[in-house]
Amino acid sequence: MARVLDVYVGGGFRTSKASDTIEVTNPANQEVLVEAPYTTMEEIDEAVAAAKAAFLEWRTVPAPERARLMMTYQMLLKEKQDDIAEILSQETGKTFADAQGDVWRGIEVAEQACNIPAMIMGETSENVARGIDTYSLIQPLGVCVGITPFNFPAMIPLWMFPLAIACGNTFILKPSEQDPMTPNLLIELFYQSGFPKDLVQVVHGGKDQVDALITHEDTKAVSFVGSVGVGQHVYRLGTDNLKRVQCMTGAKNHMIIMPDASKDQAINALVGAAVGAAGQRCMAISAAVFVGEAKQWIPEVAEAMSKVRPGAWDDNGAGYGPQISPQARDRILGYIEKGKTEGANCVLDGSDCSVDGLPDGNWVGPTLFSDVTTDMSIYTDEIFGPVLVGLTAENLDEAIQMINDNPYGNGVSIFTSSGGAARKFQSEIEVGQVGINIPIPVPLPFFSFTGWKNSFYGDQHAYGKHAIRFYTETKTITARWFSSDAVASANMTITLK
Ligand code: NAD
């Protein structure tokens with residue numbers, strides 16, 4: 001049996017008392033890397049109690065001191081970014097370049113958390129009535145919970161705990177059971193940066209551990225990132241238990257290709273956004289809408305896609321890695337078959353894909369469908385693989401309507417050379433993150449990650465100003481000090497107006 005990954009419960013990393021574990025495998029060859037324990041309910045209670053106790057002290061630490069610790073952490077993450085990326089590549093199968101990107105996008109959020117003193121300043125209004133001032137304090141909530149998916153095991157935990165901690169909270173992280181080694185390493189480095197013990201606890205497991213954290217009477221807020229079905233469950237359970245909840249969920253992201261777009265730029269961007277990271281990105285482009293004459297470019301899209309090949313993490317020529325698990329691969333293959341039986345035209349079929357020297361990897365080749373209609377399951381469902389579905393529209397209005405009718409609203413993109421078309425698109429499209437001649441418009445951390453519709457449940461989004469509001473409470477103080485008291489206590493002569 002492989003090494004069992006530690007949990008961080010009440011005072012430090014240690015072996016869980018769990019009797020059940022899940023194998024964490026390398027998706028390129030099925031090698032078992034570690035076993036992740038299904039943390040026991042007693043350990044969950046212990047983790048919450050330790051985080052609750054640590055909060056009492058941590059909330060009193062001045063924001064500039066919290067920021068200085070975060071700066072040390074951010075520097076350590078930068079120093080170790082390639083070591084983190086190497087572990088991340090092993091457990092996700094991502095190419096090294098993709099893994100480095102995953103780590104870097106997380107470091108950028110830790111960097112933003114270093115600016116916490118300026119981000120948690122309240123407001124003041126002097127003399128709201130005669131002799132009365134009103135001002136606000138921004139204060140932490142307590143024990144916050146983060147539940148993260150497999151596809152960005154560095155970036156998404158880092159979306160959450162650095163900002164929550166910088167705001168003065170404590171945190172319990174339940175990473176994906178499919179790739180928990182990277183999150184454990186992030187937390188080891190966190191403590192190496194000098195943060196006091198128990199600020200962040202790490203528990204491993206699945207549904208039972210998630211539900212226990214959400215329903216625990218001492219947890220205050222839940223940040224979730226994952227699939228739409230689980231997100232809806234987490235949102236309902238969390239709000240039923242009167243928690244503050246934000247759920248970033250699934251997606252079907254479209255790119256509109258206008259006939260006036262720069263063809264090479266559009267095709268390059270489309271292919272990278274569709275198959276990069278094996279299509280396992282919540283902002284991947286999975287539906288292309290070719291407007292008017294642009295549909296003639298479909299064969300060239302297929303040709304460009306056929307040149308991208310999957311491969312091992314350290315294969316410099318590989319465009320992307322394997323799918324996370326055999327189950328994920330089989331699910332994608334199932335959709336490719338469905339697409340064919342539903343009547344779409346499979347222009348490029350990646351179902352029969354192999355990689356030299358890695359016969360047991362979860363490989364799926366780039367796949368392109370044309371003649372797709374909006375009632376087909378390959379269009380309605382998030383496939384989460386390197387599969388692009390091609391649709392057509394007569395004009396921009398029709399394309400916008402199609403996208404607005406889709407229940408998801410994470411990301412969208414338009415490729416055009418017309419400022420008028422782009423402006424109409426940004427104004428009318430009902431999607432939270434919009435790219436104009438940019439395929440994957442993930443905002444940098446001083447903005448927020450603003451998915452809409454079924455891609456998000458809650459009201460405050462991940463990172464940026466939204467996250468500060470999510471992880472804090474505002475206290476509004478109205479104060480009156482009597483001038484007679486001032487005279488008495490100062491025991492001196494002052495002129496009062
Ligand atoms: P998932 O929903 O299977 O798992 C996410 C987390 O929920 C994991 O920690 C898992 O252990 C836990 N979980 C799984 N089943 C559960 C259940 N029944 N009850 C409670 N908890 C449960 O998601 P995944 O497959 O790991 O990640 C891929 C999904 O995440 C895709 O749908 C993708 O679009 C989405 N995603 C969204 C964003 C975003 O910002 N909107 C970002 C990344 C990924």
Side-chain angles (χ1 to χ4, degrees), residues 22 24 27 36-39 44 91-92 94 102 105-106 109 145-160 172-180 182-183 202-215 222-238 241 245-253 277-286 323-325 327-329 331-332 362 381-385 407-412 431-433 440-443 445 447-458 460-464 466-467:
I22 178 170
V24 177
Y38 283 103
T39 311
I44 298 267
E91 62 178 351
T92 60
K94 283 190 188 191
D102 187 332
R105 295 310 295 256
V109 185
V145 172
I147 298 147
T148 56
F150 81 82
N151 66 328
F152 282 97
M155 179 184 81
I156 292 179
L158 287 167
W159 277 7
M160 298 177 181
I172 305 191
L173 178 64
K174 205 302 286 172
S176 169
E177 62 276 43
Q178 300 194 80
D179 46 19
T182 305
V202 189
V203 298
H204 297 294
K207 177 177 171 47
D208 290 348
Q209 288 68 23
V210 169
D211 289 0
L213 288 168
I214 297 173
T215 53
V222 179
S223 301
F224 168 88
V225 179
S227 57
V228 67
V230 179
Q232 287 170 348
H233 159 73
V234 166
Y235 190 71
R236 291 196 182 104
L237 189 65
N241 280 273
V245 188
Q246 55 173 195
C247 292
M248 283 61 79
T249 64
K252 196 82 184 178
N253 306 308
Q280 298 176 130
R281 291 195 280 219
C282 68
M283 289 288 279
I285 295 292
S286 49
Q323 309 309 131
I324 188 71
S325 64
Q327 295 76 9
R329 179 205 50 209
R331 189 176 160 276
I332 296 163
N362 312 319
D381 298 357
E382 182 185 44
I383 300 177
F384 222 54
Y408 290 111
N410 221 30
V412 72
V431 173
Q433 296 169 108
I440 301 193
V442 176
F447 287 91
S448 297
F449 189 92
T450 52
W452 280 19
K453 300 195 280 189
N454 287 4
S455 297
F456 177 73
Y457 299 101
Q460 300 293 343
H461 293 262
Y463 62 78
H466 282 248

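Side-chain atoms are counted along with the backbone in the values below, which use heavy atoms only and exclude waters and symmetry mates. Whatever order the structure lists ligands and atoms in, that order sets their numbers, starting from 1.
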- Message: Test side-chain contact (heavy atoms from CB on, under 4.5 Å) on Gln178 and Ser325; report intermediate values, then the result.
- Response: CA-CA 8 Å; Gln178 300 194 80; Ser325 64; 3.9 Å; yes
- Message: Under the criterion side-chain contact (heavy atoms from CB on, under 4.5 Å), I'd like the reasoning laid out for Arg281 against Phe152: C-alpha separation, chi angles, the key distance, then a yes or no.
- Response: CA-CA 8 Å; Arg281 291 195 280 219; Phe152 282 97; 3.9 Å; yes
- Evaluate the criterion side-chain contact (heavy atoms from CB on, under 4.5 Å) for residue pair Thr249 and Tyr457; output intermediate values, then yes/no. CA-CA 8 Å; Thr249 64; Tyr457 299 101; 4.0 Å; yes
- Item | Full working for side-chain contact (heavy atoms from CB on, under 4.5 Å) between Asn454 and Tyr408 | CA-CA 5 Å; Asn454 287 4; Tyr408 290 111; 4.1 Å; yes
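A distance-only check finds a donor-acceptor pair linking the side chain of Gln246 to the backbone of His461 [under 3.5 Å]. For Ser448 (side chain) and Thr450 (main-chain N/O), no donor-acceptor pair under 3.5 Å exists by modelled atom type. Looking only at distances, a side-chain donor or acceptor of Asn253 sits under 3.5 Å from a matching main-chain atom of Ala284. A donor-acceptor contact shorter than 3.5 Å links the side chain of Lys94 to the backbone of Asn151.
Listed by atom number, the atoms of ligand 1 under 4.0 Å from Trp159 heavy atoms are 40 (O). When each atom of ligand 1 is checked for a heavy atom of Ser176 under 4.0 Å away, the hits are 9 (O). Within the listing of ligand 1, atoms 20 (C), 21 (N) sit less than 4.0 angstrom from a heavy atom of Val210. Every atom of ligand 1 with a heavy atom of His233 under 4.0 Å away is listed here by number and element: 19 (N), 20 (C). Numbered from 1 in the order shown, with element, the atoms of ligand 1 that lie under 4.0 Å from a heavy atom of Ile147 read 6 (C), 7 (O), 9 (O). For ligand 1, the atoms closer than 4.0 angstrom to any heavy atom of Lys174 are 8 (C), 9 (O), 10 (C), 11 (O). Near Asn151, meaning under 4.0 Å from one of its heavy atoms, ligand 1 places the atoms 43 (C), 44 (C). Those atoms of ligand 1 with a heavy atom of Asn410 less than 4.0 angstrom away are 41 (N).
Compare Gly226, Gly205, Pro175 by their heavy atoms: the one nearest to atom 35 (C) of ligand 1 is in Gly226. For atom 8 (C) of ligand 1, the nearest non-hydrogen atom from the set Val234, Leu213, Thr148, Val228 comes from Thr148. When Phe224, Phe384, Phe150, Phe152 are ranked by how near their heavy atoms come to atom 25 (O) of ligand 1, first place goes to Phe150. When the heavy-atom distances from atom 11 (O) of ligand 1 to Met283, Glu177, Gln209, His461 are ranked, the shortest goes to Glu177. Nearest-residue assignment for atom 2 (O) of ligand 1 (options Ala462, Ser227, Ser286, Gly231; heavy-atom criterion): Ser227. Summarising the contacts of atom 17 (C) of ligand 1 with Lys207, His204, Gln178, Met248, the nearest heavy atom is found in Lys207.
Scanning the protein for heavy atoms near atom 22 (C) of ligand 1, the closest one is Val230 CG1, 3.4 Å. With hydrogens left out, the protein atom closest to atom 27 (O) of ligand 1 is Pro149 CB, 3.2 Å, a heavy atom. Atom 34 (O) of ligand 1 has its closest protein heavy atom at Glu382 OE2, 2.6 Å. Protein heavy atom at the shortest distance from atom 36 (N) of ligand 1 is Cys282 CB, 3.6 Å. Phe449 CE2, 3.1 Å is the protein heavy atom nearest to atom 40 (O) of ligand 1. If you check which protein heavy atom lies closest to atom 41 (N) of ligand 1, you get Thr249 O, 2.7 Å.
Residues Gln209 and Tyr38 bring no donor and acceptor atom of their side chains to less than 3.5 Å of each other. Between the side chains of Thr182 and Glu91, a donor-acceptor pair is found at a separation under 3.5 Å.
The nearest protein heavy atom to atom 4 (O) of ligand 1 is not closer than 4.0 Å.
Side-chain contact between Pro153 and Asp102: present, with at least one pair of heavy atoms (C-beta onward) separated by less than 4.5 Å. Between Pro37 and His204, some side-chain heavy-atom pair lies under the 4.5 Å cut-off.
The residue Ile324 has no part lying near ligand 1, judged by heavy-atom distances below 4.0 Å.
Here the CZ atom belonging to Phe449 is positioned 6.5 Å from the CE atom belonging to Met155, to the nearest 0.5 angstrom.
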